[in-house]
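As structure tokens, the structure follows; a few thoughts come after it.
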There are 2 protein chains.
Amino acid sequence: MKALNKSKQRQAILDFLCTRKDHPSVEVIYNNVRDVIPDISLGTVYRNLNLLADMGTVKRIRGLDSVDHFDADIRPHQHFMCTECGRVEDIFLEDPSVVTAMEDQVRRHHDSVTGSDIYFYGRCSECLDKLPES
Amino acid sequence: MKALNKSKQRQAILDFLCTRKDHPSVEVIYNNVRDVIPDISLGTVYRNLNLLADMGTVKRIRGLDSVDHFDADIRPHQHFMCTECGRVEDIFLEDPSVVTAMEDQVRRHHDSVTGSDIYFYGRCSECLDKLPES
DNA sequence: TATAAAATCAGTAATTATTACTGATTATTA
DNA sequence: TAATAATCAGTAATAATTACTGATTTTATA
């Protein structure tokens, strides 16, 4: 897989994504990048996000809402998803060795284990405030 | 959330799902259930899978192919996804305590952690045979 | 059992998310 | 600078999913 050429559209998408920690959807990315490049098309946003994800420059996250979300932070980390509002937050485990230990466990039965994704579920603090009970 | 009434369509969907360990998609479920109930509609399959998933009777899995897959096995377990062919296999960790240990780590920063999903990625044995190198 | 109320259905239309296609433009290479 | 390749905007098409409607079935109750 060879490197991509430069394009201001792709750069603008990546620049925007780097400013966000909340794993925006394609729709959100599209709307925001249009502030910079008003005539960018939705197809271009999709195509470039897919290219960037294929290259490993960004990470695709499939949330609870069945639309793709993207993250420019590709350091190994996990995610917390609010089952109430769908918000996705980053989790950096204090002791990440448990993850590699798990992968090693799995590797005993599957020759090839190249990585893992871990999603934690619960209610985010904001939703807990809104609905203390139930 | 109250219990569902009985319906032969819903039962047929659930019966079929219980026979499968490969986390079929809605499309696959639909085609197979039609062997039993030829005039069942795709909308009914969707609606019932969503109802069953909401009740916790089945588990929804979002794979690499962005279509929903379903699993009638709701025991806590993990999944292995082949990055080559998309196949989803069950993983039962020999030492599942690492999962609860991780959840406890997360619970220090998020008051409410109700569960987690773990996906391992790699190539399944079948795809490894096909493409030993690369 | 008969009947009324509620749940569920099939069929289909509509919506939403995503991908594919086309000819024009832009970037890279030599 | 000219040739080649990559990328673009715009749009059409596809695929997945949900919503709606009036008919049917199931459940609860008398």
Listed partners of [X] passing ring-ring contact (aromatic ring centres under 6.0 Å, His included), at least two apart:
X: B/Tyr119; answer: none
X: B/Tyr46; answer: none
X: A/His79; answer: A/His23, A/His77

Have a look at the helix from C/dT1-D/dA30 to C/dA30-D/dT1 and give the angle its two end axes make, five pairs each, rounded to 10 degrees.
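Rounded to the nearest 10 degrees, the bend comes out at 40°.
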
Is the charged tip of A/Arg20 near the ring of A/Phe16: under 6.0 Å from the six-membered ring centre and within 45° of its axis?
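No, A/Arg20 does not lie over the aromatic ring of A/Phe16.
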
Each nucleotide of nucleotides 8-30 of chain D classed B (base within 4.0 Å of a protein heavy atom), S (only sugar-phosphate) or -, in 5' to 3' order, makes BBB-----SBB-------SS---

Side-chain contact, heavy-atom cut-off 4.5 Å: A/Ile40 with A/Val45?
yes

Salt bridge (charged side-chain N to carboxylate O under 4.0 Å, His left out), paired with A/Lys59, selected from A/Asp71, A/Asp117, A/Asp73, A/Asp68
A/Asp117

By the rule that ILVMFWY residues connect when side-chain heavy atoms come within less than 4.5 angstrom, directly or transitively, which residues belong alongside A/Phe80?
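A/Ile91, A/Leu93, A/Val98, A/Val99, A/Met102, A/Val106, A/Val113, A/Ile118, A/Phe120, B/Phe80, B/Ile91, B/Leu93, B/Val98, B/Val99, B/Met102, B/Val106, B/Val113, B/Ile118, B/Phe120, which link up through side-chain heavy atoms under 4.5 Å apart, make up the rest of the cluster.
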
